Amino acid sequence: MSVRRIQTCTALILLVSAFALHAQVATGRLVGAVIESRSQRPIANADLIHLKDGRSVTTDSLGRFTFDKLPAGLVKFMVRAPRFPVVTFVVALTPGEFLEREIILDSMPDRPEPSQALPEVKVEAAPSLGPRFADFERRLRTGRGQYLTRDAIEKANFASVVDAMRGLRGVNVECGGGLGCAIRMARAPARCSPDYIVDERVDNFFGPNTAIRDIEGIEVYTGPADLPGEFTGRNSGCGVIVIWTRAGPPRAKKPAPGAR
């Protein structure tokens, strides 16, 4: 076989492999409808935008949408519709998963209500941790779930993530058997482990062992009742532990000049 034929065959194999890999990781589908909260009426012509690659779909006259070719992992969307505030949400997808979601939007008031003069009150807001922690701070204000900030972690002098979970409502720490300690949610099915999301990425391998000194905040959701919509999925009954580190996710390395 000539060298040129070998090179052609190799290129074809690599091309087929690339297409197979893309089909494996980008075959998820999200379907559902966008609904107005008060009237429960469908919202037509709402745009759903995939924030990573910029793709978008528009709802039909019944508020329905279908978003194909989604990658596995956490996928973040933005929803825009006339007369409604812009919202974002995140879904967790496994390879090839078909997920259905109903998105609820609150309409803006048509006209501002008359204001009443009130005495001036000085409010000192807690300093923000920065743009990267916007979702953490937003959910912290809602009060759903349980939260540990950096200050709380340092004051309690926790030694590890497992240590920080002790005493939280609805969380069990199981130790023994020579395998260390495991975190389980009290209402979860037997031997069901929570999902760990570290810096917006699912990481069930390293997540439980994240060094406590590197953690800026922790969110704990014990089951579907207190789980935000962006984390719902097939394993939501096992609970979700969200970890935010000081450094954030590692940055992708840029290819060296001239590299192919």
Side-chain angles (χ1 to χ4, degrees), residues 30 32 72-77 87-94 97 99-104 126 129 132-177 179-246 249:
L30 177 68
L74 293 180
V75 187
K76 193 169 185 178
F77 296 91
V87 300
T88 60
F89 69 97
V90 178
V91 296
L93 291 172
T94 57
E97 182 176 8
L99 189 61
E100 187 171 356
R101 286 286 302 275
E102 186 177 81
I103 302 168
I104 308 296
L129 297 174
R132 189 168 66 84
F133 300 94
D135 287 338
F136 171 74
E137 294 174 336
R138 171 179 57 82
R139 290 191 290 265
L140 177 62
R141 290 192 296 269
T142 67
R144 295 176 64 180
Q146 301 175 78
Y147 299 83
L148 292 171
T149 62
R150 184 69 214 166
D151 288 342
I153 292 171
E154 290 180 345
K155 288 179 181 178
N157 197 28
F158 294 126
S160 64
V161 172
V162 172
D163 193 26
M165 296 297 104
R166 299 181 190 274
L168 290 183
R169 183 182 67 257
V171 181
N172 296 333
V173 177
E174 302 175 1
C175 301
L179 299 176
C181 298
I183 299 169
R184 315 275 186 198
M185 303 306 171
R187 292 176 292 176
R191 315 309 302 168
C192 179
S193 298
D195 270 342
Y196 289 84
I197 299 175
V198 181
D199 293 322
E200 301 185 271
R201 299 182 181 184
V202 178
D203 189 346
N204 292 327
F205 186 77
F206 293 106
N209 301 312
T210 305
I212 197 72
R213 65 178 177 276
D214 296 333
I215 294 178
E216 194 68 41
I218 302 176
E219 307 172 45
V220 180
Y221 304 100
T222 58
D226 60 356
L227 194 65
E230 53 259 51
F231 298 132
T232 55
R234 63 175 58 184
N235 293 325
S236 61
C238 302
V240 175
I241 297 175
V242 184
I243 297 174
W244 298 84
T245 69
R246 293 180 171 183

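Nothing fancy with the numbering, it's 1 onward along the sequence. All figures in this text were calculated on a predicted structure; none of them were measured in a lab. These numbers come from the heavy atoms of this one structure, side chains and all, not from hydrogens, waters or symmetry mates.
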Original post:
Of all heavy-atom pairs between Arg184 and Ser193, which one has the smallest distance, and what is that distance?
Top reply: NH1-OG, 2.6 Å

Original post:
Any idea how Tyr221 and Tyr147 line up, ring-wise: parallel (<30°), tilted (30 to 60°), or perpendicular (>60°)?
Top reply: perpendicular

Subject >> Point-to-point distance, once rounded to the nearest 0.5 Å, from CZ of Phe206 to CZ of Arg201 >> reply: 13.5 Å

**OP:** Show the numbers, then the answer: is there a side-chain contact (heavy atoms from CB on, under 4.5 Å) between Ile197 and Glu219?
**Re:** CA-CA 10 Å; Ile197 299 175; Glu219 307 172 45; over 6 Å; no

**OP:** May I ask you to decide whether Arg150 forms a salt bridge with Glu216, counting only side-chain N to carboxylate O separations under 4.0 Å?
**Re:** no

Subject >> Reported CZ-to-CG distance for the pair Arg139 and Asp226, which is rounded to 0.5 angstrom >> reply: 12.0 Å

Original post:
Taking Arg187 for the side chain and Gly237 for the main chain, is one N or O donor matched with an acceptor at less than 3.5 Å?
Top reply: no

**OP:** Can you see which heavy atom on Cys238 is nearest to which on Ala188, and at what distance?
**Re:** CA-CB, 4.0 Å

Original post:
Do the side chains of Gln146 and Thr222 get nearer than 4.5 Å, heavy atoms only?
Top reply: yes

**OP:** Tell me, yes or no, whether the heavy-atom count around Arg213 atom CZ, taken from other residues, nucleotides or ligands under 6.0 Å, exceeds 12.
**Re:** no

Original post:
Taking all atoms of both residues into account, what is the closest heavy-atom pair of Phe158 and Ile212, and its distance?
Top reply: O-CG2, 3.6 Å

**OP:** Kindly indicate whether the side chain of Ile243, heavy atoms from C-beta on, has any atom under 4.5 Å from the side chain of Asp203.
**Re:** no

Original post:
At what distance, to the nearest 0.5 angstrom, does CG of Asp199 lie from CZ of Arg246?
Top reply: 13.0 Å

Subject >> Side chains of Phe231 and Asp195 in contact at under 4.5 Å (non-hydrogen atoms) >> reply: no

Original post:
Could you state the interatomic distance from CG (Asn204) to OH (Tyr196), rounded to the nearest 0.5 Å?
Top reply: 8.0 Å

Original post:
Does a side-chain heavy-atom distance below 4.5 Å link Arg166 with Cys181?
Top reply: yes

Subject >> Residue pair Asp163 / Asn157: nearest heavy atoms and the distance that separates them >> reply: OD2-O, 4.4 Å

Subject >> Residues Lys76, Asp135: salt bridge by 4.0 Å N-O rule >> reply: yes

**OP:** Would you indicate whether the side-chain heavy atoms of Ile241 and Met185 approach each other to under 4.5 Å?
**Re:** yes

Original post:
What pair of heavy atoms forms the shortest contact from Ile218 to Met165, and how long is it?
Top reply: CG2-CE, 3.9 Å

Original post:
How long is the gap from CZ on Phe136 to CZ on Arg141, to the nearest 0.5 Å?
Top reply: 11.0 Å

